[in-house]
Amino acid sequence: MRLVTYAGSDGGRPAAVVTGDRVLDLGAIAGSVTELLADAAALAAAKAAVASADLDSLPVLDASELRAPVVPGKILCLGYNYRGHVPDGVDPTANDPEYPDVFVKTANTLAGPNDAVVIPPGATDVDYEGEVAVVIGRRAQRVSLEDALDHVGGYTILNDVSDRAWQRRQSQWALGKCSDGFAPLGPWVVTPDEAPDPQDLLVEVVRDGVVTVSQSTSTTIFSVAYVVHHLSQVLTLEPGDIVSTGTPQKLPAAQETHRPLADGDAVTVRISGLGELTTRFIASQESAA
């Protein structure tokens with residue numbers, strides 16, 4: 001299923017997108033997409049409701065009404081998880097690292113699929129990163145590698161918006177990654193039964209009509225299963241938590257013509273089998289301090 005959080009008069013409600021352009025309200029089954037993913041019986045009931053739905057009676061999906069599909073307690077991200085994407089000055093042909101490079105995006109970064117990202121006052125080098133995001137469905141605490149994927153509730157898209165200038169000012173990346181709204185998420189969660197192999201997805205980013213990123217998840221260093229296993233050894237992953245699996249390196253032409261994001265820009269992240277997420281960027285109305 002493709003599960004969304006749909007705005008309504010009584011707040012966000014879980015729903016399923018059916019046959020591409022219809023939406024089935026699932027609010028009678030669970031209070032949120034996270035609750036659906038965490039409860040096997042509720043998820044089964046949702047699948048049954050989708051299977052028996054009268055398509056002609058369902059409203060057409062209004063994409064403008066979509067919110068972030070889940071509200072994660074934690075957003076954990078990976079750096080340099082694609083072969084060929086390495087820090088400045090590091091040989092891209094060097095041996096793979098032994099462990100993932102993990103950082104956190106804080107709760108204030110979450111944005112929905114229709115929310116514009118405000119470029120902070122004084123920001124000089126805001127950039128985009130298109131990523132496959134894993135949504136945890138079952139509590140994961142010290143899970144084995146073999147069982148790790150059983151704890152995945154689905155997959156979605158995250159744009160790991162980053163302020164490179166702040167990121168370069170310190171060894172820790174938090175201030176470069178955690179401006180308000182710097183984690184657009186969505187538009188939906190694709191459950192594992194309908195999602196393609198997470199290690200065989202094409203991740204692309206389009207800016208100004210030009211593909212600037214194009215690389216398969218088959219080239220990631222650490223698989224989804226390994227990352228969930230690895231993280232769960234240290235902290236407990238809860239339903240709704242997001243694990244974003246890193247971004248590929250920009251294509252050479254895009255690197256050579258890099259331009260920081262500016263007012264009016266739009267970036268589309270598209271991932272095979274998961275859909276696409278378009279984010280608009282607008283200038284802040286505040287003055288830089």
D127 and its salt bridge (charged side-chain N to carboxylate O under 4.0 Å, His left out) partner, picked from K177, R207, K250: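 That would be K250.
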Hey, could you give me the [atom1]/[atom2] distance between [X] and [Y], rounded to the nearest 0.5 Å?
X	Y	atom1	atom2	value
F281	D263	CZ	CG	11.5 Å
L37	I136	CG	CD1	10.0 Å
I119	D265	CD1	CG	7.0 Å
L149	S223	CG	OG	7.0 Å
L277	E131	CG	CD	11.5 Å
R142	D147	CZ	CG	14.5 Å

Is there side-chain contact between [X] and [Y], with at least one heavy-atom pair below 4.5 Å?
X	Y	answer
D125	R168	yes
L235	L76	yes
R67	V33	no
Y6	D62	yes
N81	P100	no
F222	P97	yes
M1	V50	yes
L3	L36	yes

Residues, nucleotides or ligands: over 12 heavy atoms within 6.0 Å of W166 CH2: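 Open.
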Exceeds 12 heavy-atom contacts within 6.0 angstrom, atom CD of Q141: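 Count over threshold, so yes.
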Full working for side-chain contact (heavy atoms from CB on, under 4.5 Å) between L231 and V102: CA-CA 9 Å; L231 293 173; V102 180; 3.9 Å; yes
Looking at [Y], is its backbone amide N or carbonyl O close enough to the side chain of [X] to form a donor-acceptor pair, meaning the two atoms are under 3.5 Å apart?
X	Y	value
N159	E129	yes
Q170	Q172	yes
T34	P239	no
Q215	R83	yes
Y128	A266	no
S162	D160	yes
T220	Y82	no
N114	L66	yes
D21	V60	no
S272	L202	yes

Pairs flagged by side chain to side chain donor-acceptor pair (under 3.5 Å) wherever residues 45-55 is involved - sequence neighbours left out: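 Checked against side chain to side chain donor-acceptor pair (under 3.5 Å) - neighbours excluded - no pair reaches residues 45-55.
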Selection residues 22-33 - residue pairs positive for side chain to side chain donor-acceptor pair (under 3.5 Å), sequence neighbours left out: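 Applying side chain to side chain donor-acceptor pair (under 3.5 Å) to every pair that reaches into residues 22-33, excluding sequence neighbours, yields R13-D25.
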Do [X] and [Y] share a hydrophobic cluster, counting only Ile, Leu, Val, Met, Phe, Trp and Tyr and linking them when any side-chain heavy atoms are less than 4.5 Å apart?
X	Y	answer
V71	V189	yes
L158	L261	no
V104	V228	yes
V135	L201	no
L251	I271	no

Mutual orientation of the aromatic rings belonging to H230 and Y99 [parallel < 30°, tilted 30-60°, perpendicular > 60°]: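 Because their plane-to-plane angle is under 30°, the rings of H230 and Y99 count as parallel.
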Salt bridge (Lys or Arg N to Asp or Glu O under 4.0 Å) involving R280 - partner list, sequence neighbours excluded: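 Partners of R280 under the salt bridge (Lys or Arg N to Asp or Glu O under 4.0 Å) test: none.
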Test side-chain contact (heavy atoms from CB on, under 4.5 Å) applied to T245 and T217, step by step: CA-CA 9 Å; T245 57; T217 57; 5.7 Å; no
Smallest separation among heavy atoms of [X] and [Y], with atom names:
X	Y	result
T124	A165	OG1-CB, 3.5 Å
I157	G275	CD1-O, 3.4 Å
P69	T5	O-OG1, 2.7 Å
D200	S216	OD1-OG, 4.2 Å
G79	F103	N-CE2, 3.9 Å
G130	V203	O-CG1, 3.6 Å

Member of L110, D163, V118 meeting the side-chain contact (heavy atoms from CB on, under 4.5 Å) criterion with F182: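 Of all the options given, the one that passes is D163.
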Any donor-acceptor N or O pair under 3.5 Å, side chains S214, E204: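 The criterion, which ignores hydrogens and geometry beyond distance, is satisfied for E204 and S214.
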